[in-house]
Structure formats: structure tokens, C-alpha cells
Asker: 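This is the structure, below, for whatever I ask next.
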Amino acid sequence: MANINTILEKSTKINSVDWDNLRFGVFFSDHIFMSDYEDGKWDEGNIIPYDSLDLEPANCTLHYGQTIFEGLKAFPSVKGGINIFRPEMNAKRMNKSAELICIPQYDVDNFIQALRELVKLDQDWIPKKRGESLYIRPFVFGSGNFLGVSASKSYKFIIILSPVASYYAEGLNPVKIIVETEHVRAVKGGLGSAKTAANYAASMLAGEKAHQKGYSQVLWLDGVERKYIDEVGAMNIMFVINDELITPSLDKGTILAGITRDSVLTLARDWGMKVSEREISIDEVREAHKKGTLTEVFGTGTAAVISPVGLLNYKTENMIINDMKIGKYAQKFYDTITGIQYGEIEDPHNWIEHIKL
Ligand SMILES: *Cc1c(COP(=O)(O)O)cnc(C)c1O
């Protein structure tokens with residue numbers, strides 16, 4: 001256990017939060033956790049008031065992007081206390097991302113302890129409405145000041161908290177997605193499996209163009225043949241064809257190992273569904289759509305949990321999925337995962353890290 005020192009905020013900002021219009025990542029709680037890496041080791045870390053950071057113009061991350069992040073949520077449990085969903089997975093994934101861009105590893109137990117102490121301290125920031133939650137954003141960045149391209153020798157690990165709204169005001173809203181045929185996000189041997197700024201930078205232009213055309217996201221194809229499906233950029237993607245749940249495998253290292261992806265696959269296997277993690281080409285999806293065997297397409301990610309796809313555009317083709325309505329599997333995955341998160345239903349895989357109050 002790390003010995004985390006706490007400095008309390010003197011004047012809370014909580015009364016300036018627009019609780020009826022939280023949106024996503026707009027408001028930030030009173031405290032943050034911060035740990036520094038110097039001379040080859042992380043310090044024990046401090047909880048301090050949320051405030052601006054001192055950054056030199058020569059900060060290496062501003063120039064070369066040596067930074068990684070995580071995203072998870074804390075929920076008010078219906079049985080009292082706070083439920084954090086699968087934080088150990090985030091701690092481990094952060095270390096995998098770290099490895100790929102030469103950031104030092106952070107102890108998994110200390111990660112969870114820091115999270116627990118911070119969330120407990122700022123518990124009043126957890127929204128009370130079903131569907132709403134406290135989003136937790138841990139991140140690490142190089143804090144050195146230099147212009148030569150090399151890994152930083154010093155780092156900061158920070159956790160910030162943001163009360164967020166339910167992604168969909170009423171039920172699950174099917175979205176329109178465009179298959180990206182010009183730009184690429186990641187290639188084998190690249191950074192696609194890391195939760196790092198570079199992947200988001202690579203996606204900005206395609207995302208903007210998609211928005212202008214009325215789509216909410218892009219679906220990325222593999223960067224070499226532009227043939228196989230990768231992911232949606234902030235979500236993994238799943239297809240239901242002939243009652244089989246199909247999602248791209250993690251083998252190529254071009255997509256992120258989503259924790260919601262893992263949760264959905266685990267539940268599907270529990271339920272005896274046929275599950276395949278394999279290559280799936282856009283042509284296979286088009287064929288299945290033509291034959292009428294493609295019954296559902298949905299994205300998976302922490303923010304929305306499940307995001308049904310109602311329309312998939314590929315070049316000149318518009319594939320309407322399940323009449324633009326939410327499918328039965330998407331609904332069942334959503335209900336089960338959120339039920340576990342709010343403590344309404346049993347948690348057979350011990351996904352919940354509970355904080356007693
Ligand atoms: C965060 C993220 C996801 C979703 O992962 P979850 O752990 O389910 O939230 C998918 N793809 C990318 C690129 C991501 O950054």
C-alpha cells in the first residue's frame with residue numbers, strides 16, 4: 001500500500017455543476033491524484049486540489065506525444081456504496097500501452113488504491129440518476145523538457161474525475177457509421193493496441209469529414225489491404241450473423257483490447273452463444289446484409305457501453321441494420337452490464353471493485 005498524502009480543496013466547485021446537463025467530460029471534481037516518476041521510480045503520490053499544471057513550452061509530450069490514458073467509471077450502487085467496473089483491467093492495459101511507447105510501468109495495486117481513495121474523497125461528485133456515473137480518467141505523460149526525440153526521463157501519472165450523463169437520454173439510440181476508405185488509423189506493428197494520443201490524432205480528420213456528412217463515427221478498415229474490419233476508434237465493433245457473435249481478433253495488434261469488448265464476449269459465452277474472434281472483411285458483412293443474415297451491428301466501449309449501429313455506409317452503399325432499431329442482443333448486453341454496474345444484478349465474474357461508505 002502506498003502512503004498517499006492528501007491536501008484538501010478549500011472551496012468546492014460542486015455547486016457550479018449543471019447536474020441536469022452533465023454531458024461528457026465537461027465538469028471535473030475537486031481533487032486529482034498525482035504521482036511523479038523521477039530517478040527511475042514513482043513516488044507514492046498525492047491527492048491534491050484540481051488546478052492547472054505547470055508546463056514548460058519545451059515539455060516533450062507537447063511535441064512528441066509520449067502519453068497514454070485510460071477510461072473507466074464509478075457507479076452509485078443500489079445496495080449502497082460505490083461500484084467501480086473492472087479497474088484491474090484498466091491498470092493492466094495502461095501498462096501494456098506504456099510498454100509500447102517507453103513509459104515506465106505503474107504498480108497495479110497502487111493504481112487501484114489511488115483510484116479508490118480519490119473516488120471516495122470526491123464521492124459527492126457521483127451523479128445519482130440511473131445511467132449517469134463518475135468517469136475516471138487516469139493518464140501518464142512525459143514531463144521532461146527537451147527537444148531531442150527520445151523517451152522522457154520523468155513522468156506524471158494523474159487521475160481526474162468527471163461526472164457524466166447517460167450516453168443516451170432515452171434508451172439506446174442506433175447511430176450512423178461510415179466505413180473509412182481513404183484514411184487509416186493503425187497498421188500491424190504500429191500503435192493501434194495502445195490507448196495513446198497518436199491514434200486519436202490519426203483519427204481527427206476522418207472524424208471531422210464523417211461528421212460533416214452526418215455520420216457519428218467512422219469504422220476503420222485494416223491499414224494494408226483496406227479489406228478487414230478493425231474498430232470504430234473509441235469503440236470496438238461486433239456483428240451478429242446467423243446468431244453468431246463476430247468481432248475482429250486482437251492478434252494483429254491494430255485494435256484496442258476493450259474492456260467492454262471482453263465483458264460482452266464473456267457474457268455471450270456464458271449464455272451459450274456462438275462467439276468468434278477472427279478476421280471479418282467488409283465484403284463478408286455486405287454479403288450477410290444482402291442475404292438478410294446480418295441482424296445486428298453494435299459498438300462496445302466504456303462511455304456508451306453498447307452503441308447499436310442503425311446504418312452502415314460503405315462507398316455508395318447504405319446498409320440499414322435491423323430497421324434502424326436496437327437488436328435483442330445489444331439490448332441484453334446493455335441491460336446485463338449496466339445492471340451489474342449499478343449493483344442491480346448478480347456479478348458472477350467479480351467485475352465490481354466495491355467501495356463501502
Ligand atoms: C477506449 C477505447 C475503446 C473501448 O475500450 P473500453 O475499455 O471498452 O472502454 C475501443 N477502442 C479504442 C481505440 C479506445 O481508445
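Every number for a ligand or one of its atoms is a count from 1 in the order of the listing. Note that the structure is predicted; figures quoted are calculated from it, not measured. The basis for the numbers below is simple: all heavy atoms, side chains too, and nothing from hydrogens, waters or symmetry mates.
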Asker: Give one line per pair: atom of ligand 1, protein atom, distance. Only N/O to N/O under 3.5 Å.
Answerer:
residue, atom, partner, partner atom, Å
ligand 1, 7 (O), Arg93, NH1, 2.8
ligand 1, 7 (O), Arg93, NH2, 3.2
ligand 1, 7 (O), Ile259, N, 2.8
ligand 1, 8 (O), Ile259, N, 3.3
ligand 1, 8 (O), Thr260, N, 2.9
ligand 1, 8 (O), Thr260, OG1, 2.7
ligand 1, 9 (O), Thr302, N, 2.9
ligand 1, 9 (O), Thr302, OG1, 2.6
ligand 1, 11 (N), Glu231, OE1, 2.6
ligand 1, 15 (O), Lys195, NZ, 2.7
ligand 1, 15 (O), Tyr200, OH, 2.4

Asker: With sequence neighbours excluded, tell me which residues meet salt bridge (Lys or Arg N to Asp or Glu O under 4.0 Å) with Glu180.
Answerer: none

Asker: Under 3.5 Å, side chain of Asn236 to main-chain N/O of Leu256, donor-acceptor pair present?
Answerer: yes

Asker: So do the side chains of Trp351 and Asn83 get within less than 4.5 Å of each other, counting heavy atoms only?
Answerer: no

Asker: Kindly assign one of parallel, tilted or perpendicular to the pair Trp125 and Trp19, based on the angle between their ring planes and the thresholds 30° and 60°.
Answerer: tilted

Asker: Would you say the rings of Phe111 and Trp42 are close, in the sense that their centroids are separated by under 6.0 Å?
Answerer: no

Asker: Do Ile355 and Gln123 come within less than 4.5 Å of each other through their side chains, counting heavy atoms only?
Answerer: no

